[in-house]
Each structure stands twice: as structure tokens, then as C-alpha cells.
Amino acid sequence: MTGLGIGTGYLATVDVDGTQSGPGENDSVNLTAWINIATDNVITIFVPFVEMGQGTHTGLAQLVAEELGLDLSAGNIRVTHPQEEFAAHTNLTMFLNQRPEEMSGPLSWYGKRFLASMKLSATGASSAVVGNWHAMRHAGAIARQMLQAAAARHLDGKPDDLILDHALFKRADGANSVSFGTIAKAAAKIDPPTDIALKPAAEFSVIGKPIPRMDAAAKITGRGQYGVDVRLPGMAFATVRQAPVFGATIKKVEDKVARSMRGVIDVIIDGDSMIVVADNTWRAFQAAEALEIEYTLPEKPVAGEDFAAAFKARHEAGAFTQSEQPGDAANALSAAAKKIEAEYHTPYLAHATMEPMNSTVWWKPDDTVEVWAPTQSAAMARQVIESVGGASSIKVHVTFAGGGFGRRAEKNFVIHAAKAAKAHKGRPIQLTWSRTEDMQHDVYRPAAIAKLKAGLDENGQLTAFDAVIGTHSVMASFLLRNMDLSSNLTADNTTLEGIAHMPYQVRNRRIAAVEVETSVPIGFWRSVGHSNNAFFVESMIDECAVAAGKDAFDFRLAHLGPQQRRHKKVLETLRDMADWTGRGGNGRGRGVALHESFRSIVGAVIDIDVDSQKQVTLNKVVAVIDCGTIINPRLVEAQVQSGIIFGLTAACFGRIDIADGMVAQENFDSYEMLTLARAPSVEVHLMTNAELPGGVGEPGTPPAAPALANAIFSATGERIRRLPISEAGYAL
Amino acid sequence: MVTLTINGDRQSFDVEAKMPLLWVLRDVANLTGTKFGCGAGLCGACSVLVDGELTRSCVTPVENVEGSDIRTIESLASKQHLSAVQQAWLELDVPQCGYCQPGTIVAVTALLAEAPNPTDDEIDAAITNICRCGTYDRIRKGVRRAAEIVAAT
Ligand code: FES
Ligand code: FES
């Protein structure tokens with residue numbers, strides 16, 4: 001199916017809202033695409049996003065429950081990822097970077113239907129709630145009305161006289177009641193209503209409430225099924241060893257020893273990878289280590305210095321790939337009363353999800369294929385099977401994921417299992433990467449360099465801001481690797497996100513990008529471009545505040561205009577909540593950062609101690625988030641805490657070094673993580689307002705690193721211009 | 001042949017003496033609640049109790065635990081009741097992705113058996129599990145809440 005070949009007539013028939021009803025499995029009924037009702041009154045809410053910790057199986061279920069009148073804590077409610085790949089209308093926000101509410105006109109009509117007709121389900125960009133805020137409530141309301149009409153017939157009453165009481169309709173006179181399960185089939189035959197009035201916010205009883213996580217009970221008892229926990233009859237266990245040097249190919253393999261090891265079923269050479277199939281994962285690991293492999297190395301293996309050198313050359317040649325330049329930054333800089341110049345560096349980073357990469361594929365003798373994967377995109381998993389070829393049907397089961405952070409939007413943890421399974425038809429194969437493999441064959445957060453200049457007038461107001469960001473394009477790497485698409489279709493919006501359109505009002509700006517090609521695989525890493533750019537902007541703003549002799553809060557507030565009323569409120573609230581009294585000194589430090597990403601604004605203050613040996617203690621973080629309408633305050637709090645710890649972990653320790661074409665880090669000893677003893681407490685305050693909801697999975701991450709760097713400056717007077725802070729000798 | 005007592009069940013496994021307990025639990029006994037995180041004793045996802053002692057099963061050859069009482073996450077709750085630690089975890093919604101939590105819950109269980117009312121320093125020293133989702137704030141609160149629940153029963 002090619003995009004251009006799709007006619008308007010066909011598109012008009014595409015279900016863009018998922019409102020169609022029909023039969024479900026085992027005599028159950030689907031009322032809309034999202035709600036399944038079984039005869040025993042078990043109600044399943046389909047959330048077409050992977051549950052990887054962010055709480056989407058709870059938050060989105062709340063949207064349905066609000067309109068359908070469900071008590072999510074009752075025993076008969078289930079939330080699962082659907083086995084159907086939902087059409088991409090659930091992903092409008094991710095693909096088009098727009099709220100469905102904002103879309104109108106013929107282009108949107110076409111875009112929406114076009115996306116809906118190509119199944120590209122995916123989880124990312126903190127967009128599940130933003131993109132389905134309306135759709136899932138709408139589905140709940142449609143189902144309720146259909147059930148209500150059927151219940152009225154069943155109970156011989158008027159729909160309006162019925163009382164909804166968690167999955168039952170009762171007659172107001174108390175005479176009788178009927179469960180959803182009993183009337184679901186009749187309800188499915190009723191035409192879905194077209195004019196739906198959604199509940200006004202004042203009547204919300206589920207949205208905005210701290211509803212307990214729907215997935216918690218399974219996760220604390222060991223019952224929760226992650227990708228690595230899939231167990232199937234006769235299953236074999238496999239692993240993969242990929243060429244350690246990027247771009248290397250296998251020249252020769254000696255696999256005699258490995259093949260003779262106990263439990264080893266097969267050794268498969270696949271391009272630059274060796275797949276070992278055995279009867280348990282440990283034996284597969286052992287045999288993979290016993291392989292003796294000779295590689296043909298690329299002519300010039302990528303080295304850590306390559307990026308900086310390439311950036312320098314391209315920058316000097318003025319080879320900008322993107323830029324925005326309102327006003328005249330160059331002139332304003334030369335006219336400035338004070339000029340601040342700085343160069344910042346950030347490293348490559350790995351995702352290090354707690355659950356290593358894995359997937360399970362069962363290629364049956366009749367060529368029907370089933371995949372179980374902790375994936376951020378069922379569509380990607382399906383495409384992997386399609387690319388292997390020969391499948392007569394493909395079913396993808398999306399399991400819980402032990403962390404995602406962008407790593408699981410990729411194809412490369414499904415391909416080897418698929419190939420092994422095809423070679424061993426009839427036998428399910430679960431393929432798990434060792435931690436070393438996971439660390440060394442990640443898709444990395446790109447390193448970046450920022451050359452920054454700012455100009456202040458005599459009142460300490462910014463008159464010019466000039467930034468050149470050197471990095472690798474995430475999109476280019478992702479599209480080429482996963483979709484075989486060459487990159488220069490469009491500019492990569494992630495490269496300058498968070499620095500283009502920064503909230504601070506500076507009349508003369510130049511924000512330019514130099515995107516450098518690389519053979520290092522680059523991927524989406526929690527908050528993507530924001531993870532680099534927030535560090536650059538918020539550190540530089542801090543430098544400017546110091547140069548202007550202003551307080552860090554005052555300086556920021558003085559550069560927010562009437563359009564940034566929400567940013568202002570976040571900062572003012574943060575200043576109160578954190579009892580901000582100004583700068584530290586003598587080893588006591590406090591730093592602030594503010595950043596908007598994924599339609600939410602987060603401000604954070606971190607409080608630290610630094611001793612004379614540069615030993616850092618992270619005492620406490622106070623954070624304020626404005627994510628518009630709050631679906632679940634407990635989930636928002638958890639995500640902000642999580643995002644901040646994620647950002648601090650990277651700022652303290654995170655660096656992936658590439659030498660002689662390979663990643664040096666292997667496991668959590670060389671790629672360190674914050675642990676309980678060293679993690680600060682994170683206090684989160686939620687702004688309440690009636691704005692449309694924003695994302696919460698990622699926005700906590702960007703402000704963490706600059707807040708820490710600014711705190712170190714306030715404690716020691718040393719400006720951190722290179723992450724992680726260990727580069728400057730700071731240790732935790 | 002190795003004979004192990006797992007969650008009160010004595011079973012024999014035809015595996016190498018050097019095979020780490022983690023993989024016998026997961027891939028042979030199909031007790032998948034105990035997780036693989038690093039395989040090198042660094043993260044704690046694979047934590048189990050061996051004769052009541054907190055043990056990282058990924059670096060524990062099965063020959064070392066023959067004859068011992070091995071307890072995994074699957075044995076902490078009885079049919080009717082969650083353990084105190086699990087109750088606290090549920091009350092506070094500690095898990096995010098949840099992958100590290102079985103190991104963490106086992107570690108907290110071991111801690112509270114030793115120190116029913118642990119200090120912050122004791123908690124810091126005992127709970128060294130890596131949580132990539134950064135649930136540490138709630139883990140600390142969870143330990144305190146679990147201690148309260150134990151004390152009240
Ligand atoms: S898997 Fe055993 S400590 Fe990480
Ligand atoms: S909850 Fe995800 S690693 Fe701890």
C-alpha cells in the first residue's frame with residue numbers, strides 16, 4: 001500500500017475514531033475499539049500503548065472509566081494492550097505533533113485518515129494522554145449510551161430513569177438491575193450515537209483522582225509478564241552476539257566448541273551477528289562466549305573524537321542544516337554591554353532499561369507467526385516478521401516492558417529471534433541479550449556540542465542569544481535503520497527542540513544546527529533533543545544571570561513575557577515551595593532549571609553539598625509541574641520523580657565512550673546508576689488548571705542536569721560545561 | 001543432578017553444578033518472578049532468600065545452595081494475603097515498570113527481618129538494588145510503611 005495511491009473515496013471509509021463495535025473473543029463484545037465486555041461482566045479496556053512504567057494502562061483506563069461509570073478498583077476490570085494493532089489515529093499526536101483537538105481542515109482530514117489506514121501503532125513522545133484525551137472519553141461515552149439503551153429495553157424502563165452503578169444499570173425505582181455483560185450483545189447492535197456530550201470537568205470523579213495503578217498487583221507478586229517471562233511449550237532460549245565494532249562484518253567463525261556444549265541446539269550466522277539457540281538462556285550465553293569469531297573491520301572505525309572533529313569542520317564551513325534567526329543576533333551581540341560566551345559538551349548515552357532487550361517468536365509449521373515483545377511498537381515487530389518473509393499471518397503480543405525510554409521503539413531486538421524461529425519452525429524461541437550486548441548495541445542518545453553566545457544590555461536584560469548546536473540527527477539514524485528511509489525528507493525537529501522557541505524573550509536570536517553523520521546508531525532517549533538542549537539553555541541562562549548580577553529566579557522571570565504566563569507561575573510556585581533564598585556557597589549549593597517539553601512545563605530546584613574533595617551529596621529536589629489537566633496526580637508525581645532521577649543519573653555518571661569503533665562500557669559497573677543511598681528525595685508539586693493535558697513521561701528529565709550543574713556552580717563557583725559532572729572530578 | 005528446595009518444594013534438576021540459581025529458577029523451574037538484570041551481581045533484580053539470607057541468584061551456582069531453603073518473590077504472599085512489604089508497595093504504588101521490584105521487595109523483606117525499624121542509614125546500606133525508573137523515593141517510604149504494618153500485626 002503506498003500513500004499516494006490511497007484515494008479520497010477509500011479514505012472516507014476509514015474508521016478514524018475507533019467507534020465501530022463488533023464481536024470479541026470467546027463470545028465477548030467490543031463496544032468501540034477500546035472496550036470489551038464479556039458475558040461474565042469482566043470488562044477489558046484496551047490501551048494501545050505499552051505499559052513500560054509510565055502508568056498508561058491506568059491513566060488511559062481512567063479516561064474510559066470516567067464516561068463509562070466504572071470503578072477501576074473493582075475486581076472485574078482488566079486493562080491490556082490490544083492484540084489488534086490499533087490504527088495510527090491513536091498516534092496522531094506523535095506523528096503530526098498536533099493535538100487532535102487542534103486539527104481541522106482538509107489536510108487534517110486527509111492526514112488523520114491516511115495515518116489511520118496504515119497501522120503504525122507506537123508508544124512515545126509522552127503523547128498517549130495528549131492524543132487520546134478526547135477519543136477514550138468519547139469511546140466510554142458511546143459505550144455507555146449504547147448499554148444504557150439496551151438496558152432500558154431489558155429492564156423495560158426509560159434510559160433516563162436508569163442509574164449507572166459500576167457495570168450495572170439499575171432502575172431508579174430499585175425494581176431491577178442488569179449487568180453490562182448481560183446486555184452487551186444487544187448494545188452492540190444499536191447504532192453508536194453521534195452527538196456525545198462529554199462530562200464537564202466539574203463532574204469528574206475518576207479523572208484527577210489518585211487511582212491506584214492497575215498493573216501494581218501483578219508487578220509486586222512476580223506474576224507480571226514481561227518479555228523475558230513468556231513461557232511456551234517446547235520453547236528454546238537463545239542469545240545473540242553482534243559484531244562489537246560498528247560496521248564490522250564476520251570473516252570467520254569457529255563454533256565447534258560452542259556446538260558441542262550441553263544444551264546447544266544451533267548456532268546461526270546472520271550478517272554481522274551470531275545467534276545461539278539452546279535449551280536455556282544461560283547455556284546460550286555460555287556457548288555464545290565460546291564462539292571464536294574473526295571480524296573484518298571497517299576501514300576507519302568510528303572513534304570518540306570523530307564527532308567533535310567533524311562538527312568543527314562543518315561549523316567552520318558554515319554547513320548549517322537548520323536555523324531560525326529572528327532579529328539580528330550578530331549586530332546585537334557586538335552592541336551588547338556585556339557578552340557571555342561558552343561551549344558546552346554532552347556525551348553519548350545508553351538507555352540501560354532494566355529488562356534487557358529480548359523477544360519471543362513462534363514460527364509455526366503453517367507459517368503463522370506469533371511474536372511476544374516488550375516493544376514500544378507492535379507495528380515494528382510486525383514489520384520485522386514481514387521483512388524476514390514467508391509468514392502467512394502475524395500476531396504481535398505486547399507484554400509489559402521493563403523500562404523503555406525510547407529504546408524499545410526499535411526493530412533490532414526482534415530480528416534475531418525471528419530468524420532463529422524461522423529456522424526452527426514449530427519451536428518458540430525466546431532470545432535475550434546479555435547486559436553487555438544491551439549496553440554495546442544500544443541506539444545512543446547523541447552527543448552534542450553547543451557554542452553559545454549571549455549579549456546583555458546595561459540593565460542586565462538579554463538582547464542577543466546565539467546558539468550553534470552540533471549533534472547527530474536522531475530521526476535520520478532511526479529512519480534509515482528501522483524504515484530504510486533516507487533521512488533528508490524533512491528537517492529533524494528533535495535536533496533543536498527545547499532551544500528553538502525557548503521561553504525566554506530575546507529579540508535577536510540565531511539558533512542553528514550542524515547535524516553530523518555517524519556510524520554510531522543514534523536513537524530516541526527519554527526527552528530526546530530536550531535532554532541536551534535544556535542543559536545548554538538553562539546553564540547558559542544561569543551564566544547570564546550571574547553576569548548580570550541577578551538572582552537566578554529574578555533573571556528568568558524578567559525574561560518571560562505575557563505569553564509565558566504558565567512558565568511564570570511554575571517558577572513563582574517553585575520559588576515558594578523550595579524556600580529559595582538565593583545562591584549558596586561554601587559547599588552548599590542550590591540550582592534551578594525550568595524547561596517545557598511535550599506540552600508540560602517543569603521547574604526544579606536541587607539542593608546539594610559539595611566537600612573539598614568534590615564529593616557531592618544530592619540532598620533534595622523540589623519540582624513543580626504544569627501538565628494542564630491532571631489525569632492522575634499519583635502517576636504524575638511518579639513520572640516527575642522518575643524523569644528527574646533519570647536525568648540526574650545521566651548528569652552524574654552517564655557517558656558512553658566509543659574507542660576503535662566499539663562501546664567501552666559493558667555493565668552497571670562501568671555505566672553507573674544512581675541508587676537509593678545516593679538518590680535525593682524528590683518532592684513534586686502539581687499546578688492545577690483547566691488547560692488541555694500535557695505529557696508527563698519525559699518532561700521531568702530535561703531540567704535535572706542543568707539544575708545540578710547550576711547547583712554545583714553555586715556551591716563551588718565552578719561552572720560545569722561538560723557532562724557528566726565526573727568529567728570535572730565530581731563524585732557521588 | 002542438583003536437588004533444590006524452592007519455596008518449600010524439593011525438586012531435582014538435571015543441570016550443571018555451576019549453573020547460576022537465577023537461570024534454574026527462570027528457565028528450568030519456570031519461576032519467572034525473579035528477574036535477570038545484569039548477570040553480574042550488580043543490580044539486585046535477581047535477589048532471592050537463601051536460608052533467610054539475601055542472595056543475588058545470578059552469581060550463585062546451584063551447587064552452593066543444595067540443601068538450603070530457597071525463597072523467591074512467588075512465595076512471599078500466601079494465598080489470601082500479601083506480605084507486609086507487598087502491601088506497603090501496593091498502598092504507595094511503588095512500582096513503575098516494576099522490573100526491579102521483585103528483587104527490591106525481597107531485599108526489603110530481608111532487611112525488615114533483621115531490623116524491624118531500620119534507620120535511613122540501614123536502609124541505604126541494605127537496599128542497593130538498581131531501579132532504572134527511579135522509584136527510590138517511594139521505596140524508602142515503602143520500607144517505613146512496611147515496618148509499620150509489621151509492627152501493627
Ligand atoms: S541480575 Fe543478578 S545482580 Fe543483576
Ligand atoms: S520500577 Fe522500573 S526499574 Fe524499578
Side-chain angles (χ1 to χ4, degrees), chain A residues 51-55 210 212-213 215-226 228-229 231 237 262 279-283 285 352-356 400-405 432 434-435 634-635 638-639 641-646 648-649 667-669 673-679 681-683, chain B residues 15-16 19-20 22-24 26-28 30-40 42-45 72-74 76-77 82-83 85-87 89-102 104-105 121 123-140:
Chain A
E51 179 53 74
M52 51 185 174
Q54 79 280 44
R213 289 184 72 112
D215 54 349
K219 287 176 172 178
I220 58 168
T221 50
R223 281 189 288 110
Q225 200 180 55
Y226 298 84
V228 286
D229 300 334
R231 292 292 174 270
F237 297 84
R262 198 172 162 194
D279 61 356
N280 69 53
T281 308
W282 180 69
R283 286 175 180 160
F285 282 173
T353 59
M354 217 53 227
E355 179 190 12
F400 280 153
F405 318 122
T432 306
S434 69
R435 176 56 65 187
R634 274 229 278 200
L635 289 177
Q639 282 313 294
Q641 290 176 329
S642 173
I644 284 175
I645 296 293
F646 201 85
L648 286 176
T649 298
N667 208 322
F668 294 122
D669 46 358
M673 298 284 135
L674 272 179
T675 46
L676 182 69
R678 298 184 292 186
S681 64
V682 184
E683 187 182 302
Chain B
V15 298
E16 296 86 326
M19 184 162 167
L22 170 69
W23 296 109
V24 176
R26 290 188 51 81
D27 290 4
V28 188
N30 282 338
L31 289 167
T32 54
T34 306
K35 304 300 186 207
F36 162 55
C38 68
L42 300 166
C43 74
T72 70
I73 183 75
E74 284 90 350
L76 295 190
L82 292 174
S83 74
V85 182
Q86 287 169 322
Q87 279 177 49
W89 252 237
L90 207 54
E91 261 180 47
L92 298 173
D93 258 348
V94 177
Q96 289 187 24
C97 88
Y99 194 80
C100 70
Q101 302 294 347
T104 305
I105 289 169
D121 286 348
I123 297 174
D124 285 350
I127 310 303
T128 56
N129 306 56
I130 292 174
C131 174
R132 187 63 169 131
C133 299
T135 62
Y136 301 125
D137 222 272
R138 290 191 187 174
I139 289 175
R140 191 182 297 281

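All chains are named by letter (A, B, ...) in the order of the sequence lines, taking the proteins before the strands, and each is independently numbered beginning at 1.
Per-residue counts of heavy-atom pairs under 4.5 Å with chain A were compared for B:Glu74, B:Arg138, B:Gln101; the largest is that of B:Arg138. In terms of heavy-atom pairs under 4.5 Å with chain A, the best-connected choice from B:Thr72, B:Thr128, B:Ile127 is B:Ile127. In terms of heavy-atom pairs under 4.5 angstrom with chain A, the leader among B:Gln86, B:Arg26, B:Arg140 is B:Arg26. Comparing B:Leu42, B:Ile73, B:Asp93 by heavy-atom pairs within less than 4.5 Å of chain A, the highest count is held by B:Asp93. Interface remark: of the candidates B:Glu16, B:Lys35, B:Gln96, B:Gln96 forms the most heavy-atom pairs closer than 4.5 Å to chain A. Counting heavy-atom pairs closer than 4.5 Å to chain A, the top residue among B:Pro102, B:Gly33, B:Ala77, B:Pro20 is B:Pro20. Of the listed residues A:Gln54, A:Glu51, A:Met52, A:Gln225, the one with more heavy-atom pairs under 4.5 angstrom with chain B than any other is A:Met52.
Within the 4.5 angstrom heavy-atom criterion, atoms from both the backbone and the side chain of A:Phe668 approach chain B. Proximity to chain A (any heavy atom under 4.5 Å) is shown, for B:Val15, by both the backbone and the side chain. Both the backbone and the side chain of A:Ala217 come within contact range of chain B, each with at least one heavy atom under 4.5 Å from a heavy atom of that chain. Looking at A:Ile220, both its backbone and its side chain come within 4.5 Å of chain B, counting heavy atoms on both sides. Using a 4.5 Å cut-off between heavy atoms, B:Ile123 contacts chain A through both its backbone and its side chain. The part of A:Arg231 that comes within reach of chain B is its side chain, from C-beta onward, which places non-hydrogen atoms under 4.5 angstrom from that chain. Residue B:Asp121: no heavy atom, backbone or side chain, is found under 4.5 Å from chain A. When heavy atoms are compared at a cutoff of 4.5 Å, B:Leu76 does not approach chain A at all.
Aromatic ring centroids of B:Trp23 and A:Phe285 lie under 6.0 Å apart.
Looking at A:Arg213, its side chain does come within 3.5 Å of a backbone N or O of A:Gly53 through a donor-acceptor pair. Judged purely by atom type and a 3.5 angstrom limit, B:Tyr136 uses its side chain to pair as donor or acceptor with the backbone of B:Cys131. Side-chain atoms of A:Arg678 come within 3.5 Å of backbone atoms of A:Met673 as a donor-acceptor pair (strictly under, hydrogens ignored). A donor-acceptor distance shorter than 3.5 angstrom exists from the side chain of A:Ser642 to the backbone of B:Cys133, with no hydrogens or angles considered. With hydrogens and angles disregarded, a donor-acceptor distance shorter than 3.5 Å links the side chain of A:Tyr226 to the backbone of B:Cys97.
Counting only N and O atoms by type, the side chains of A:Ser681 and B:Asp137 include no donor and acceptor under 3.5 Å apart.
Considering all non-hydrogen atoms of both residues, B:Cys43 and A:Met354 come closest at CB-CE, 3.6 Å.
Considering only heavy atoms from C-beta on, B:Ile139 comes within 4.5 Å of B:Trp89 through its side chain.
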